[in-house]
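Keep in mind that what you see is a predicted model, and the values were worked out from it rather than measured.
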Amino acid sequence: MNRSLAPNGYDIGTDVEGDSLDTLHSRIGFSCWLGLIAVTGFVGNMVVVVAVALYPKLRTVTNVYVLSLAVADLLTCTTIPFIVVGMVSTTGWPLSDASCVAVAIVSFVCGGSSIWHLTVIGLNRMVLITMSTARYQKVFTRCNVVIFLALTWLIPLNVIIVPFAAGLTRLGYDFDTHMCSDHEENEDGSENLIHTYMASTFLTCIPLAIVLLFYVRIFMFVRHHSRKQREWKSMKRAASTVPTVSSRPAGADVAQATPGHNDDDNTAPPTTSGENREVSKSWQTNNKIHSTTASQCKFRHSLEYRITKNAFIVVLGFLCCIIPYGICVLGQYGPEGVPMGQGFLLFNSCLNPVIYGTKHPQFRAAMKNILTGRLRAPLVMSNSVGPSTVTNR
C-alpha cells in the first residue's frame with residue numbers, strides 16, 4: 001500500500017485498495033447527501049429572503065429574526081461545497097490554509113447563530129402572547145430589536161474567534177473527519193477540548209434550555225387562558241338559563257327565561273334576584289368587555305398562536321437534528337472517515353424553509369406566490385386566520 005504524510009505529519013491516507021477505497025466511496029456518498037442539502041437549503045432560504053423583501057406584511061419584528069436566521073442558513077449552505085471538496089479529496093485540503101480556517105469559522109458561527117435566533121424568536125413569542133401590548137412595545141423597541149439581533153451573531157462569533165485569536169484552540173483541516181473544523185489536539189499531541197466545551201455550553205446547552213423555558217411559559221399561559229375561557233362560557237350559559245323572577249303582584253303569571261344565548265350573543269340575561277342576580281351581573285360585566293374586542297381577539301389569537309406553534313415546530317426540528325448529531329459524535333457512529341453527525345446538523349439548514357412553507361400562514365402564501373411566479377399577487381391565507389390585510393407584530 002502507498003501512504004503519504006502531509007507536511008504537518010498527519011497520515012493523509014492515499015490508499016486506493018481495501019478499506020481506504022471503501023472509506024472514499026463512503027465519503028463520496030456522504031458528499032452527495034451534503035450537496036442535496038446545500039441546493040435545497042440555498043433555494044429555500046433564498047425564497048424566505050425574497051418573500052420578506054417583496055411583501056411588507058411580512059416585515060414584522062418576529063420576521064426580522066426569521067430573515068436573519070435564513071441568512072445564517074444561507075451562509076451555511078454556501079460552505080457545504082467547500083466541505084464536499086475536503087471530503088472527497090485524497091490529498092488533504094486542496095486550497096489554502098486560510099480558506100479552511102474561514103470555512104470552519106463561518107460554519108461554527110452560523111450553526112451557533114441558528115440556535116440563538118430560535119431563542120430570541122421564542123422570547124418574542126412569549127412576550128407577545130403572555131404580556132400586554134404596551135409591555136411588548138417596551139421590550140421590542142427598535143433599539144432592542146437591533147441589540148437582540150446583534151447578540152445572535154456576536155455570541156457564537158466570540159465563542160469561536162476569541163479562543164482562536166488567543167492561541168487556545170486550533171482551526172484547520174481535520175484528517176480524521178476530512179473537514180475544516182477545530183482540532184481536539186495541540187501540536188504536541190496533548191488533548192485540547194476548550195472549544196468543544198465552549199461550543200457545547202454557549203452554542204447548544206444554554207440557548208436550548210432558555211428557548212424551551214420560553215415555550216413552557218407560553219404553554220402554561222395558553223392552558224390557563226383556555227381554562228378561563230371555558231369558565232367564562234360556563235358562567236354565560238348558566239346566566240342565560242336562569243329563570244326570571246317576576247315583579248308582578250302575587251298570583252300573576254311568572255315569566256320564564258328563554259335559553260337561546262350562544263357564544264356570539266351580546267344580549268344581557270334577564271334581571272334576577274339573590275344568588276342568580278350575582279351570576280347575571282358578573283356575566284353582563286364580562287360579556288360587555290368581551291364583546292367589544294371579540295372579533296379582533298379571535299383573529300389575533302388564532303394567527304398569533306399559529307405563528308407561535310410554527311416557531312416551536314422549528315425548535316423541534318432543530319432538536320431532531322442536534323440530538324442525532326450528539327449521539328453520533330459521542331458514540332462515534334458512522335462509516336470510518338465520515339462525520340455522520342455533521343450530516344444531521346447541516347440538514348437543519350434546509351429544514352427551516354420547509355417548515356415555514358408548510359406551516360407558517362403568511363410565509364406559506366408568500367412562498368407559493370414566488371414559486372408559481374406570481375410575485376405581485378396578494379397574500380391569500382386560510383380563512384381560519386382571517387383576512388390577509390391584518391398584520392401581526
Without swapping roles, check the side chain of Arg170 against the backbone of Glu185 for a donor-acceptor pair under 3.5 Å.
yes

More than 12 heavy atoms of other residues, nucleotides or ligands under 6.0 Å from CZ of Phe221: is that the case?
yes

What do the steps show when you test Val103 against Ser99 for side chain to side chain contact (heavy atoms under 4.5 Å, CB included), and what is the final call?
CA-CA 6 Å; Val103 169; Ser99 64; 5.5 Å; no

Let me confirm one number: the OG-CG distance from Ser107 to Asp182, rounded to the nearest 0.5 Å.
11.0 Å

Sorted by chain and number, sequence neighbours left out, side chain to side chain contact (heavy atoms under 4.5 Å, CB included) with Ala199 holds for His195, Leu203

Could you grab the distance from atom CZ of Phe214 to atom CD1 of Ile121, nearest 0.5 Å is fine?
12.0 Å

Non-hydrogen side-chain atoms of Phe30 and Val84 separated by less than 4.5 Å
no

Would Cys77 and Cys350 count as a disulfide bond (SG atoms under 2.5 Å apart) here? Give the steps.
CA-CA 8 Å; Cys77 292; Cys350 69; over 6 Å; no

Flag, side chain of His117 to backbone of Ser113, donor-acceptor distance under 3.5 Å
yes

Using the six-membered ring wherever Trp is involved, compare the ring planes of Tyr173 and His178 and label them parallel, tilted or perpendicular (cut-offs 30° and 60°).
perpendicular

Which residues pass the side-chain hydrogen bond (donor to acceptor under 3.5 Å, both in side chains) test with Asp97, not counting sequence neighbours?
none

Side-chain heavy-atom pair Ile83, Leu346 within 4.5 angstrom cut-off:
yes

In this structure, which one of Trp116, Tyr65, Trp153, Phe140 forms a ring pair (Phe, Tyr, Trp, His ring centres under 6.0 Å) with Phe148?
Phe140

Could you check whether atom CZ of Phe82 has more than 12 heavy atoms from other residues, nucleotides or ligands sitting under 6.0 Å from it?
no

Please write out which residues are connected to Leu193 in a hydrophobic cluster, directly or through intermediates, given that two of Ile, Leu, Val, Met, Phe, Trp, Tyr count as joined at side-chain heavy-atom separations below 4.5 angstrom.
Tyr197

Got a donor-acceptor contact below 3.5 angstrom from the Ser89 side chain to the Gly86 backbone?
no

Is it the case that over 12 heavy atoms from other parts of the model lie below 6.0 angstrom from the CZ atom of Arg374?
yes

Student check: side-chain heavy atoms of Phe344 and Ile327 closer than 4.5 Å:
no

If every non-hydrogen atom of Gly122 is compared with every non-hydrogen atom of Tyr215, which pair is closest and at what distance?
CA-OH, 3.7 Å

In short, Thr119 meets Ile210 closest at the heavy-atom pair CG2-CG2, 3.6 Å

Strictly distance-based, threshold 3.5 Å: is any side-chain N or O of Asn45 a donor or acceptor partner for the main-chain N or O of Ser349?
yes

